[in-house]
Each structure stands twice: as C-alpha cells, then as structure tokens.
Amino acid sequence: MKSVRARIHQFGAGAPTVPPDVRTAGAALEGKLMEVEGRILDLRLTGEGQDRVRWPARLGSQLGHLANGIGASDFAPTQHEMEVATLLARGTRDVQSALRAVLNGDLAAYNARLRAAGLPPIETVVF
C-alpha cells in the first residue's frame, strides 16, 4: 500500500504535466488505500507520548500481542487465545479482501487514466 501511495505522490501537485483529473483520481485512490491500511495500523500514531492510550489497537497490534502471548508460554494456547486467533484471522481476510478490491478495481481504473494521459501505470502484485 505504501509503495502504491508513493507512486501516486509522483503524479501529485509537484508534477506539472499531470492532468488535474489524474491528480484528483490519485487523491481518491490514496484515500481508499489509507482506509484499508488504517484497519491494519493506526495512521495517527506518532511514536511519541501516549498514542497507544489514545486510540484502540488495530489488527496489526492485536496480532502481535496475541503472538507474543502465545510465544512466551510453555503451554498450548488457551481456548480464549484460539477464539481470538479465529477473530483476528477473519479480520485479516476482510482486510485482504478490501485491499484486493481496491487494487483490482480502483487502481486498475487509475492506471487506465495514467495510460490515457501518456503516463506509466503503477504496477503491483495483485494477490
């Protein structure tokens, strides 16, 4: 997601030969990517102060916390940990599905705009 967003920025305000409709479409695509990315980690985190107290943990932090808890134990995962793992697996599949939809739909449409403007498309591995 970050690499696609970085490529979108190449066609942003600092690129005078890019048509305004491509810039507008890029901003919309970036917003959709940020929405999906925000489900994995909180984009508001600064690494300073009490970020982790202000906002709830996202999927990435939850997975890390569960993995650390299970990995630190000498015993098999508890029933509760297994239930949490099932919920987090579902959340991971949902995020993957949302990302796939953005890449296959919105990014494909944005690439068509780029090609029409004579600009190179953003290539990525779609899974």
Give a yes or no on whether the backbone of Ala57 and the side-chain of Gln62 come within a donor-acceptor separation of less than 3.5 Å. yes

Taking the side chain from Ser73 and the backbone from Gly69, do they hold a donor-acceptor pair closer than 3.5 Å? no

Could you report the tightest heavy-atom contact between Val36 and Ala98, atom names first, then the distance? CG2-CB, 4.1 Å

Answer yes or no: is there a side-chain heavy-atom contact under 4.5 Å between Arg5 and Met34? yes

Calculate, to the nearest 0.5 Å, the distance between atoms CG and CG belonging to Leu33 and Leu107 respectively. 7.5 Å

Is it the case that the side chain of Asn111 and the backbone of Ile122 share a donor-acceptor pair, with hydrogens and angles ignored and the cut-off at 3.5 Å? yes

Under the side chain to side chain contact (heavy atoms under 4.5 Å, CB included) criterion, do Arg39 and Leu59 qualify, and how do the steps go? CA-CA 6 Å; Arg39 293 168 63 180; Leu59 185 60; 6.0 Å; no

Just how far is it from atom CG of Leu99 to atom CE of Met1, taken to the nearest 0.5 Å? 5.0 Å

If you count the non-hydrogen atoms of other residues, nucleotides and ligands that lie under 6.0 Å from CD in Glu35, is the total more than 12? no

Go through the steps for Ile70 and Thr78 under the test side chain to side chain contact (heavy atoms under 4.5 Å, CB included), then give the verdict. CA-CA 9 Å; Ile70 292 172; Thr78 65; over 6 Å; no

Evaluate the side-chain proximity of Leu29 to Val102: yes if any heavy-atom separation is below 4.5 Å, no if none is. yes

Just verifying a value: how many Å separate Tyr110 OH and Leu103 CG, rounded to the nearest 0.5 Å? 14.0 Å

Quick check: do Ile40 and Arg58 have side-chain heavy atoms less than 4.5 Å from each other? no

Within a strict 4.5 Å, meaning less than it, do heavy atoms of the Glu81 and Val84 side chains meet? no

Return the CG to CD distance between Leu41 and Glu37, rounded to the nearest 0.5 Å. 5.0 Å

Can you find a pair of side-chain heavy atoms, one from Leu63 and one from Thr92, that are under 4.5 Å apart? yes

Could you tell me whether Glu123 atom CD has more than 12 heavy atoms of other residues or ligands within 6.0 Å of it? no

Does any non-hydrogen side-chain atom of Val18 lie less than 4.5 Å from one of Arg23? yes

Are a donor atom and an acceptor atom from the side chains of Gln10 and Arg7 found within less than 3.5 Å of each other? yes

Could you report the tightest heavy-atom contact between Ile8 and Gly26, atom names first, then the distance? CG2-O, 3.5 Å

Got a second to check how far Asp106's CG is from Glu30's CD, nearest 0.5 Å? 13.0 Å

Return the OG to CG distance between Ser61 and Asn68, rounded to the nearest 0.5 Å. 10.5 Å

